2 protein chains.
Amino acid sequence: MTEELPVRGRRTTLADVAARAGVSVPLVSIVMRDAPGASAATRERVRKAAEELGYRPDSRARMLRRSRTRLIGVVFGVQHPFHGDLVSGLYTAADAADYELALSAVTPGRDERRAVASLLQDRCEALILLGPALPTSELADLAARMPVIVVARPVRNRAVDVVRTDDAAGLHLAVDHLVDLGHTRIAHVDGGRAPGAAERRRGYREALDHHGLADQALIVPGGLTEDDGAAAARELIAARPTAVTVFNDRCATGVLDVLRREGVAVPGDMSVVGFDDSSLARLSHVALTTVAQDAGRITALAVARAVARLDGDAAADEREQVIPPHLVVRSTTAAPRADLAAAPARRVRTSSA
Amino acid sequence: MTEELPVRGRRTTLADVAARAGVSVPLVSIVMRDAPGASAATRERVRKAAEELGYRPDSRARMLRRSRTRLIGVVFGVQHPFHGDLVSGLYTAADAADYELALSAVTPGRDERRAVASLLQDRCEALILLGPALPTSELADLAARMPVIVVARPVRNRAVDVVRTDDAAGLHLAVDHLVDLGHTRIAHVDGGRAPGAAERRRGYREALDHHGLADQALIVPGGLTEDDGAAAARELIAARPTAVTVFNDRCATGVLDVLRREGVAVPGDMSVVGFDDSSLARLSHVALTTVAQDAGRITALAVARAVARLDGDAAADEREQVIPPHLVVRSTTAAPRADLAAAPARRVRTSSA
DNA sequence: ATGAAAGCGCTAACAT
DNA sequence: ATGTTAGCGCTTTCAT
């Protein structure tokens, strides 16, 4: 029994397997791909030979020969926790659609342009970009070459597909929940120029307006990080609304931390609502009430859209798919204390950072 | 002027560029690779043609033809924040060494075996695994096929290279710092079976022993997450050491949160030291004193080792490179209060969860 | 059911 | 300095 274990050096190829099985190369190819055109006996023999040689198909050669690479490029931010959830979902969806994923990370030393360039060289057939900061014009240029699906950021250009959470609706949910609890003085810590921040700000204003609370609006400058939230918390302590909606969970965590340290009880003195339902929010000692984005649905739709564009079947016409979020109520929201509910919030439209 | 903008459909190839420039295909290849063997005038002409056609080399064809792919596979956990720092560093190091990176993520639905398998099909020449959970035997099998560099986890097998932080030394730093401040009753919240946890536990014991404090040892079961830390904090509140070293920053954050909420002042009543110097620790409102792993150095060494194995030049013989960490002192450590410094810590070797 | 031949896009080896 | 030939590992005709 010749033990030809796979060792460092030349890789085993179809030809090696063919030689060992005593058949032609194309026939081995047929067997390896489970394509029709080989007898059961041959399949058996070829599989055995491949197994013994530790054969692994070369995806590069395969893609080179096929007209299609069945490869979808994904650009993600290595620092952003939510992108982790999205990447997980993308793998699942791509797998089901029989596509491969090529990951390209954006890091402090590697910008989006480089990340995209490397995917182009890998001959991806479509691009899925998670919360890209690239200008719309460049996205449009890319979209002229290949299907481009932008996730979690609105893009006003008919050439690119967009799958995103309905950010405005998310803030409606948050505000409605707080109003239901009896709050009237509800502030918002915003996300500055972050993707989605403008939509959430708008949703907040609309929702307040809808409840006849427009004159109670208080928008405090925030950002994406815990530090931004901590800074915002100081303004909140001065203004003393009874509840606050925060741009995202990270920022909300910063808000929570400072509030509690300064003796403001949550939810006793102030209710707090986040956005994302990240792992942070789920921690039992944080237990943040938050607006959940449906990562599984978003990623499934993103892949489905990429595949639809590639297969060219009935190219869907709405370029933007907006997914409704849902509210996850945990322990940072409650009815306002009776003595706090009445007093009016100090009105500050936008205070300077 | 023929505007042959790159449009969806067939990609432009070397042949297209060659035709437009009126030269042979290999000559274009030479120009695109900046290889010697073309006149300045030709280079000029070819570059112009390539530019006009929006030509991008096909990395798959390139790798297929070259004997070398110059591709290093990286397996990382999409949820682990520290892996983000490592991936960033790997890109930088690979770039400098003129290698490409192929990323393969481990997600809840995609285990390490799958992640590795896809990299093998991509014909990576070496593998860098971040904190892999794979059994040593499988790592050794892999290492028989190609250079394998394991990062951030000790592996007792001469076939694989290891680059990791000196975890035990990290706990020496932490304990020494606390002893210098005057602490004698120092507890440790451990990481269970997480990579590095055993080493850190050992370092903690050694350091206490070194200061003649062995009989004060108190190890509380913890874990990797904030929740684990929160649970451990309750035990700490009962035992009341004046200081605690925690497995990692995430867990330490959980400890901090509960301590503060239960009215235990940090660092007034209890000092806390983390491990990782993750972005969490750096947050101004957390300001955690912590043991910093040198991600830049670790990744540089990991790539350097992979390259050394591949180039076969003077294959370094120590398979394990242990990098000393350093202490970052922030605001969660201080001298113990005079009335607390004297009393002995309750002695619990390992309490049950 | 099986094999022979061709070629995906590129680079290396050899011509000239 | 430039062109010709061959072939990386695979899949796709097209024969048989």
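Chain letters run A, B, ... following the sequence lines, proteins first and then strands; every chain starts at 1. This one's a predicted model, so the numbers in the text were calculated from it and none came from an experiment.
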Quiz item: Rounded to the nearest 0.5 Å, how far apart are CZ of A:R11 and CG of A:D58?
Solution: 8.0 Å
Quiz prompt | Listed nucleotide nearest any side-chain atom of A:T13, set D:dG9, C:dT11, C:dC10 | solution = D:dG9
Quiz prompt | Nucleotide of D:dC8, C:dT11, D:dC10 approaching B:L64 most closely (side-chain heavy atoms) | solution = D:dC8
Quiz item: Just to confirm, is there a sub-4.0 Å distance from OP1 or OP2 of D:dT11 to any side-chain nitrogen or oxygen of A:R62?
Solution: yes
Exercise. May I have the distance from B:L14 (atom CG) to D:dT4 (atom P), rounded to whole angstrom?
Key: 16 Å
Quiz item: If you check the A:A61 side chain, which of C:dA1, C:dG9, D:dG9 turns out closest?
Solution: D:dG9
Practice problem: May I have the distance from A:R60 (atom CZ) to C:dG7 (atom P), rounded to whole angstrom? | Solution: 25 Å
Quiz item: Tell me: CZ of B:R66 to C1' of C:dC10, nearest whole Å?
Solution: 9 Å
Quiz item: Could you state the CZ-P distance from B:R33 to C:dG9, rounded to the nearest angstrom?
Solution: 17 Å
Practice problem: Please tell me which of the listed nucleotides, C:dT2, C:dG3, C:dA12, lies nearest to the side chain of B:R65? | Solution: C:dA12
Quiz item: Which nucleotide, C:dC10, D:dG9, D:dT12, lies nearest any side-chain atom of A:P26?
Solution: D:dT12
Self-check item: Between D:dC14 (P) and A:I30 (CD1): distance, integer Å
Solution: 15 Å
Quiz item: Would A:R309 and A:D161 pass as an ion pair if we require N to O under 4.0 Å?
Solution: yes
Exercise. Hey, could you give me the CG/CG distance between A:L129 and A:L142, rounded to the nearest 0.5 Å?
Key: 7.0 Å
Quiz prompt | Residue closer to the 5' end of DNA chain D, B:R45 versus B:R123 (nearest nucleotide) | solution = B:R45
Quiz item: Any ion pair linking B:R47 and B:D34 (charged N to carboxylate O, less than 4.0 Å)?
Solution: yes
Exercise. Verify whether one side chain among B:S59 and A:Q121 offers a donor that lies under 3.5 Å from an acceptor in the other.
Key: no
Practice problem: Round to the nearest Å and state the distance from B:R11 atom CZ to C:dG9 atom P. | Solution: 11 Å
Quiz item: Is there a donor-acceptor contact under 3.5 Å from the side chain of B:R153 to the main chain of B:V150?
Solution: no
Practice problem: Answer yes or no: does a side-chain N or O of B:T42 lie under 4.0 Å from OP1 or OP2 of D:dA1? | Solution: no
Quiz item: Any idea which of D:dA1, D:dC10, C:dT2 is nearest the B:S39 side chain?
Solution: D:dA1
Quiz item: B:Q121 CD to D:dG9 P: how many Å, rounded?
Solution: 15 Å
Quiz prompt | Minimum-distance nucleotide (side-chain atoms of B:L27 versus D:dT11, D:dG3, C:dT11) | solution = D:dG3
Quiz item: Which nucleotide sits closest to the side chain of A:V25: D:dT11, C:dG3, D:dG9?
Solution: D:dT11
Practice problem: Give the nucleotide from the list C:dT2, D:dC10, D:dA1 with an atom nearest to the side chain of A:D58. | Solution: D:dC10
Exercise. Counting heavy atoms from C-beta on, name the nucleotide in C:dG3, D:dC8, D:dT12 closest to the side chain of A:S24.
Key: C:dG3
Quiz item: Roughly how many Å is it from CE in A:M32 to P in D:dT12, rounded to a whole number?
Solution: 15 Å
Exercise. Using only side-chain N and O atoms of B:S29, determine if any of them is under 4.0 Å from OP1 or OP2 of C:dT11.
Key: yes
